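Right, one structure below, let's go through it.
Just so we're clear, the structure is a prediction, and the values are computed from it rather than from any experiment. By convention in this document, chain letters (A, B, ...) are assigned in the order of the sequence lines, proteins followed by strands, and residues within each chain are numbered from 1. FYI, side chains are in, hydrogens and waters are out, and symmetry mates aren't considered; it's all heavy atoms of this structure.
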Number of protein chains: 2
Amino acid sequence: MTSRKKKEALDTSTEEKIKVAARTVFHQKGFAATRTRDIAEEAGINLALLNYYFRSKEKLFKLIMLETVAGFMGGMTIVFNDPDTPLEEKVALLVDRYIDTAIAEPEIPLFIMSELRNNPHEFLEKLPIGKMLMHSAFIRQYQEAVAEGRIVEPNPLHFIMNVIGLVIFPFIGRPILQNVGSLNNQEFEQLMQQRKKLIPVWIQAIMKAG
Amino acid sequence: MTSRKKKEALDTSTEEKIKVAARTVFHQKGFAATRTRDIAEEAGINLALLNYYFRSKEKLFKLIMLETVAGFMGGMTIVFNDPDTPLEEKVALLVDRYIDTAIAEPEIPLFIMSELRNNPHEFLEKLPIGKMLMHSAFIRQYQEAVAEGRIVEPNPLHFIMNVIGLVIFPFIGRPILQNVGSLNNQEFEQLMQQRKKLIPVWIQAIMKAG
DNA sequence: GTCTATAGGGGGATAGAC
DNA sequence: GTCTATCCCCCTATAGAC
């Protein structure tokens with residue numbers, strides 16, 4: 001068993017190589033613009049192998065899409081669900097975490113939004129983020145804060161939109177932003193790092209201004 | 001000349017019909033997923049006519065893309081550039097205007113961001129939004145406000161990201177938002193209408209909290 | 001200008017050898 | 001399991017009649 005583990009660690013399995021390549025290419029170009037030949041080349045294997053392992057382009061895509069959405073949104077719901085961290089801390093955690101992951105894989109937010117436009121039900125139905133979120137500890141905490149007058153706006157959806165929007169939108173509008181501000185990649189990343197500290201402060205201000 | 005005008009008003013020219021159809025389909029599906037047959041059908045004409053008027057799918061797309069980006073971003077720079085409206089009023093104008101246009105054509109924000117990912121230079125170079133914006137009356141007003149202590153955060157890029165993000169992100173994340181909040185289209189639109197009044201207030205709060 | 005018919009190429013998928 | 005070669009459909013673009 002040691003040797004098997006070693007082997008997979010040193011040189012990952014073909015199936016895994018294809019999945020990694022598929023993630024990369026799909027995330028960059030989206031489903032429609034991706035050719036299975038691109039994925040095969042990226043993986044350093046032959047086109048036939050892709051169909052041998054995953055049957056079809058569509059099957060492979062659905063796999064990658066589900067994993068990507070689950071990975072990205074899943075972390076979010078975990079943070080929202082924890083009853084022990086107060087609202088303010090939740091925001092700081094979310095902002096910090098999502099700016100880091102978005103810096104690491106900047107194509108993911110736009111990828112998810114673009115591909116979700118085509119068949120939203122297909123993927124959202126399989127992932128109960130909606131119900132999970134609206135029945136989470138976050139919602140209770142939010143309602144308490146409204147009742148205690150610490151938050152003015154009673155609808156938590158506005159709050160969610162604001163937090164996620166402030167964090168993620170710069171990554172979606174990145175080409176425009178870099179053009180407007182004449183930013184290279186490093187300067188862009190510095191700006192995002194700044195926002196880790198700024199956004200929680202802004203959210204605090206928004207809460208009291210609803 | 002009267003008759004010619006009348007004719008075009010009653011029943012628009014074939015060229016125009018194709019362009020309108022191309023806008024619709026491209027905006028919904030993006031370049032890669034759009035088939036010229038879809039456009040022809042949407043326009044109620046034959047496929048050959050599309051090539052007769054526009055030479056190729058790519059030429060037609062670039063035309064639509066440029067018009068769309070120019071139309072969407074152009075209105076923004078005009079508002080930013082006006083030296084007579086103070087900063088606070090600019091925000092209110094922008095928010096009001098862009099929520100209305102995004103409600104009217106909700107696919108445009110995501111369309112622009114998605115297609116810009118492929119070849120950002122191709123389109124952004126042709127539209128001097130960057131230089132126009134960074135040398136506009138808005139920038140001067142912003143710096144004044146910073147100098148007078150009315151705004152804490154010195155970098156106007158954060159301000160721009162925040163305003164645009166708060167306005168546009170809900171339209172980009174629409175499927176997720178509607179899923180999370182169990183919203184039908186009417187409820188979604190009501191939420192956006194609410195934000196016309198809320199966002200300017202929030203921006204005021206953010207200014208003083210940087 | 002508008003149509004029908006078709007050429008031509010690209011890309012997903014498979015057959016079959018190794 | 002992995003490769004080469006190839007099938008075949010779909011989609012863009014054009015030829016040519018009207």
Rounded to the nearest Å, what distance is computed from the [atom1] atom of residue [X] to the [atom2] atom of nucleotide [N]?
X: Arg55(B); N: dT14(D); atom1: CZ; atom2: C1'; result: 10 Å
X: Leu60(A); N: dA13(C); atom1: CG; atom2: P; result: 10 Å
X: Leu47(B); N: dC10(D); atom1: CG; atom2: P; result: 15 Å
X: Phe54(A); N: dG12(C); atom1: CZ; atom2: P; result: 16 Å
X: Glu16(B); N: dG1(C); atom1: CD; atom2: P; result: 14 Å
X: Lys57(A); N: dA13(C); atom1: NZ; atom2: P; result: 8 Å
X: Glu15(B); N: dT2(C); atom1: CD; atom2: C1'; result: 15 Å
X: Glu58(B); N: dC11(D); atom1: CD; atom2: P; result: 18 Å

**Request:** If the plane angle is over 60° it's perpendicular, under 30° parallel, otherwise tilted; pick one for Phe31(B) and Phe26(B).
**Result:** parallel
**Request:** May I ask you to verify whether the side chain of Arg37(A) and the base of dG12(C) hold a donor-acceptor pair under 3.5 Å?
**Result:** yes
**Message:** Quick check: Phe61(A) with Phe54(A) (ring centres under 6.0 Å apart)?
**Reply:** no
**Asked** Can the ring centres of Phe171(A) and Phe188(A) be said to be less than 6.0 Å apart?
**Response** yes
Please determine, for the side chain of [X], which listed nucleotide ([options]) has the closest atom?
X: Leu49(B); options: dC3(C), dA13(D), dT4(D); answer: dC3(C)
X: Asn51(A); options: dT14(D), dG1(D), dT14(C); answer: dT14(C)
X: Asn46(B); options: dC3(C), dA13(D), dG11(C); answer: dC3(C)
X: Ile45(A); options: dT4(C), dT14(C), dC3(D); answer: dC3(D)

**Request:** For the pair Glu105(A) and Arg23(A), find out whether any cationic side-chain nitrogen is under 4.0 Å from an anionic carboxylate oxygen.
**Result:** yes
**Request:** Verify the contact: side-chain N or O of Thr14(A) to OP1 or OP2 of dT2(D), cut-off strictly under 4.0 Å; return yes or no.
**Result:** yes
**Request:** Ignoring backbone atoms, test whether Tyr53(B) places a side-chain nitrogen or oxygen under 4.0 Å from the OP1 or OP2 oxygen of dT2(C).
**Result:** yes
**Message:** Nearest heavy atom decides the nucleotide; on that basis, is Tyr52(A) or Arg35(A) closer to the 5' end of DNA chain C?
**Reply:** Arg35(A)
**Asked** Base, sugar-phosphate, or nothing for Leu50(B), non-hydrogen atoms under 4.0 angstrom?
**Response** nothing
**Prompt:** Checking salt bridge (Lys or Arg N to Asp or Glu O under 4.0 Å) against Glu67(B), which of Lys126(B), Lys19(B), Lys62(B) comes through?
**Reply:** Lys19(B)
